[in-house]
Amino acid sequence: MLSDALIMFIVLAPGFVALTGLVHKWIGDRIVMTATTGVVLAAGALSLAQLFMYAAGVGHAGEQASTEHGEILTQHIIPLMPWIHIGEFNANWAIRVDTLSIVMMAVVTGVSGLVHLYSWGYMSEDPHRSRFFAYLSLFTFSMLMLVTADNFIQLFFGWEGVGLASYLLIGFWYQNKAPNDAAIKAFVTNRIGDFGLALGIMAVFCIFRTVEFGPFMAALRENTLVTPIAFAEAAPAREVTMDFLGHHLPALEVIGVLLFIGAMGKSAQFFLHVWLPDAMEGPTPVSALIHAATMVTAGVYLVCLLSPLYEYTIYAAGMVTVVGAVTALYAATVGMAQNDIKRVIAYSTCSQLGYMFFAAGVGAYEAAMFHLFTHAFFKALLFLGAGSVIHGMHHEQDMRRMGGLAKFMPLTYVAMLIGTIAIIGLGIPHTQIGFSGFFSKDAILESAFAGGVEHVSFGQMAFWFGIIAAFLTSFYSWRLIYMTFHGPMASDAHDDHAHAHDDHGHDAHGHDHTPHESPWVMLVPLGLLSLGAMFAGLYFHTYFVDHENEAFWAGAIYRAADNHILHARHEAPEWVIYLPLIVTLGGFVLATLTYYFNRGFGRKIADSGGPLHALFYNKWYFDEIYNATLVRGAALLGNLFWKADKKVIDAIGADGLAEVSQVTARRLSAMHTGRLYHYAFVIIGAALVFGGILWMRAGGVN
């Protein structure tokens, strides 16, 4: 393990170095870029070294970690400073070091460091490079605060910090309308999920009287007696119930559902997924960082971190499983019909996140984290490879205007091939032959099948949805390869029927630019990520999900006594083990026949405009439905209340009283003429009136 000082450097240094963006006018762009890149690369190297050191020492940890159901044994807290202390509400700044945070630190800083390096080439012509690099470092710092938090409040700080950084990066080219709209869409959609997260944190405090992970999880593991602040009676932690809108509900189910709603927004799950594809309006390095290592992984991490909670829920865990399975299938169907190279990869992210969630939902948290880990390598590789294509094609993103790029960009082509083989999970069962996705995706599918057999759950549904999604993933991944790198160059014909929207928001007019390979500063990250995509699963699978997994996790992930899902998956029938390989090869064959041997066939299907293609191409019409109901409904409701407020409340209240005062003041002011005889006349008249009144009150005429 690294020293406390080095761990503090990993977590805090990216935040401090992000401040250089505030003084870039005085120190220059190059110093900002060098400082941010150097610090994050150093943090990445230290984090990866820490992960390998920890894995190498697992054998010794295994001898010492004889546990009962996985209580925390190796957690280490590094206090930073006091923060909030109000009665029983205590939250400090601290860094939590356990297996979960070690893995996440390696993922976040490792990928972020390579994205920083890659951006030297990709953003070389942008006049606001220093601002971009500062935002990247801020993003990295926020995510590190999230994954190393030891309480819900610090986690929420990082959670919102990631949301802020994503808004700044997605809308980086704020001069254009599309990036601005996409940034606002991401921000607003995530606010919906964050509302659920905030309510869940409040419920945790009301029931358990703490926002610190340690006491909260200890109460769940040991089922200790808790005395809620309100809305519930004292009871063992797993049995507390609360009244809500006249219903008697299990407190853990309510908390689990609310916290998962937050995860749904941040990790772009079904219903709250609509922001993720539009995030492609940001620069491509941003897409790689958001989709591979930071923002979208936060929800999966949260569910796995709270395994003591979800182990003792039925409905909340079932919701995680169902939403994840539906998302995996939905996003795969949409990915088949997209033509923007980045959007295809974006929907694949959405689909892969669905795999992670339904793995966690059936109780295979280790498999979910394993796929999160391997996915970071091949998804960052695919996005940065797509960025290399866009750079070499002079900011062209429409795959229909590509083709034949393998001869112009051979290194990028090889990297994209490696990423594709990794994401489809190609490998040979019962062997060590396969890229990273093979080891993690198969572990998820086998666990889902075992979960459906072991318990009455949605595991079987998730398994079959995952199998179909695996077939579709293979199909659209090879479709991308064939449309981009094989066949004749579509742009040679100057086909202007589809004016692609480039990465900077400008139209592509089909100018004849010869494609070119990217500079070394962009290719080096591709090479390093390729190594991870090929070998990370092979090296780490024994630690994450196989023989050494109990010693490796050392209690950072908790499972109930009756949850044997990782062992049960090894007893899956042979057809379950080989089915992922069969459907993956089936998707490859179908894509090859459609887009390699019959290159124009796919376009004919698209041009025919059938209902199924229209459904997938238009993303199941989610944007249209949301615009017609939520967006317009909110506008109509707001307009109604605004008019009622203006014409009724203001007219009778503030505006009405103000109008009466103004009219009265205007009429009274007319009496002030400034002439002496007018005032004398008023004084004499008033004296006569008041004198007459006094005389009448005194008795008047007898």
Side-chain angles (χ1 to χ4, degrees), residues 1-19 39-40 43 46-47 50-51 53-54 71-109 112 137-165 197-198 200-202 204-205 208-221 259 262 266 294 297-298 301-309 369 553-558:
M1 294 291 294
L2 298 179
S3 66
D4 288 1
L6 289 178
I7 294 174
M8 290 171 65
F9 172 83
I10 292 171
V11 176
L12 301 178
F16 285 113
V17 80
L19 298 176
V39 165
V40 178
L46 288 171
S47 297
Q50 178 177 238
L51 176 62
M53 288 165 56
Y54 178 73
E71 61 266 25
I72 293 191
L73 299 174
T74 61
Q75 186 181 94
H76 174 53
I77 303 296
I78 304 174
L80 298 178
M81 65 181 70
W83 187 15
I84 303 173
H85 290 261
I86 306 172
E88 295 180 273
F89 192 97
N90 295 304
N92 296 318
W93 291 108
I95 298 174
R96 190 191 83 260
V97 184
D98 61 6
T99 310
L100 272 172
S101 63
I102 288 172
V103 170
M104 291 304 297
M105 279 191 278
V107 168
V108 172
T109 57
S112 180
S137 294
L138 175 63
F139 205 143
T140 305
F141 166 71
S142 298
M143 190 67 187
L144 288 169
M145 292 303 295
L146 189 161
V147 301
T148 60
D150 82 324
N151 60 76
F152 281 103
I153 305 303
Q154 184 178 329
L155 180 140
F156 194 72
F157 167 82
W159 197 274
E160 296 304 307
V162 169
L164 169 64
L197 179 67
I201 294 172
M202 295 175 194
V204 168
F205 181 71
F208 294 89
R209 294 177 177 263
T210 183
V211 291
E212 296 179 282
F213 293 144
F216 168 61
M217 295 182 187
L220 291 172
R221 292 195 309 270
L259 294 177
K266 197 64 72 181
T294 55
T297 63
Y301 165 78
L302 178 64
V303 173
C304 294
L305 173 69
L306 299 178
S307 54
L309 169 65
M369 287 300 301
W553 291 108
I557 287 177
Y558 173 83

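Along the sequence shown, residues carry numbers from 1. Note that the structure is a prediction, hence the values are computed from the model and not measured.
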> Step by step, work out the side chain to side chain contact (heavy atoms under 4.5 Å, CB included) result for L259 and L309.
CA-CA 10 Å; L259 294 177; L309 169 65; 4.0 Å; yes

> Checking S307 side chain against Y558 main chain: does a donor-acceptor pair fall under 3.5 Å?
yes

> Given side chains that start at C-beta, do those of L144 and M105 come closer than 4.5 Å, heavy atoms only?
yes

> Which heavy atom of S47 sits nearest to which heavy atom of T109, and what is that distance?
OG-OG1, 3.0 Å

> Do you know the tightest heavy-atom contact between P308 and R221?
CB-CG, 4.3 Å

> Report yes if the distance between the aromatic ring centroids of F152 and F205 is under 6.0 Å, otherwise no.
no

> Could you go through residues 3-11 and list every donor-acceptor pair under 3.5 Å that involves a side-chain atom there, pairing it with any protein atom two or more places apart or in another chain?
{"unit_1": "S3", "atom_1": "OG", "unit_2": "L6", "atom_2": "N", "d": "3.4"}
{"unit_1": "D4", "atom_1": "OD1", "unit_2": "H76", "atom_2": "NE2", "d": "3.0"}

> Main chain of I95, side chain of T148: is a donor-acceptor contact present, judged purely on distance under 3.5 Å?
no

> Short question: side chain of Y301, backbone of M104 - any donor-acceptor pair under 3.5 Å?
no

> Specify the closest pair of heavy atoms between G158 and L146, including all atoms of both residues, with the distance to one decimal.
C-CD1, 3.9 Å

> Under 3.5 Å, side chain of D98 to main-chain N/O of L100, donor-acceptor pair present?
yes

> Using the side chain to side chain contact (heavy atoms under 4.5 Å, CB included) rule, take F216 and L306 through it: C-alpha gap first, then chi angles, then the decisive distance, then the call.
CA-CA 10 Å; F216 168 61; L306 299 178; 4.1 Å; yes

> Do the side chains of V162 and F139 get nearer than 4.5 Å, heavy atoms only?
yes

> Determine, step by step, whether W159 and L302 satisfy the side chain to side chain contact (heavy atoms under 4.5 Å, CB included) criterion, reporting the C-alpha distance in whole Å, the side-chain angles of both residues, the deciding distance to 0.1 Å, and the verdict.
CA-CA 10 Å; W159 197 274; L302 178 64; 3.9 Å; yes

> Taking C-beta and beyond as the side chain, do R96 and L305 meet within less than 4.5 Å on heavy atoms?
yes

> Which heavy atom in S137 sits nearest to a heavy atom in A18, and how many Å separate them?
CB-CB, 3.8 Å

> Using a 3.5 Å distance criterion without hydrogens, assess whether the side chain of Q50 forms a donor-acceptor pair with backbone atoms of I102.
no

> Hey, does the side chain of D150 reach the backbone of G214 with a donor-acceptor pair shorter than 3.5 angstrom?
no

> Is there a side-chain contact between V211 and V204 in this structure, where contact means two heavy atoms from C-beta onward sitting under 4.5 Å apart?
no

> Is the ring pair F157/W83 parallel, tilted or perpendicular, if the boundaries are 30 and 60 degrees?
perpendicular

> Show the nearest heavy-atom pair for residues G262 and L197, with the distance to one decimal.
CA-CB, 4.0 Å

> For N92 versus P82, what's the shortest heavy-atom pair and its separation?
OD1-CA, 3.3 Å

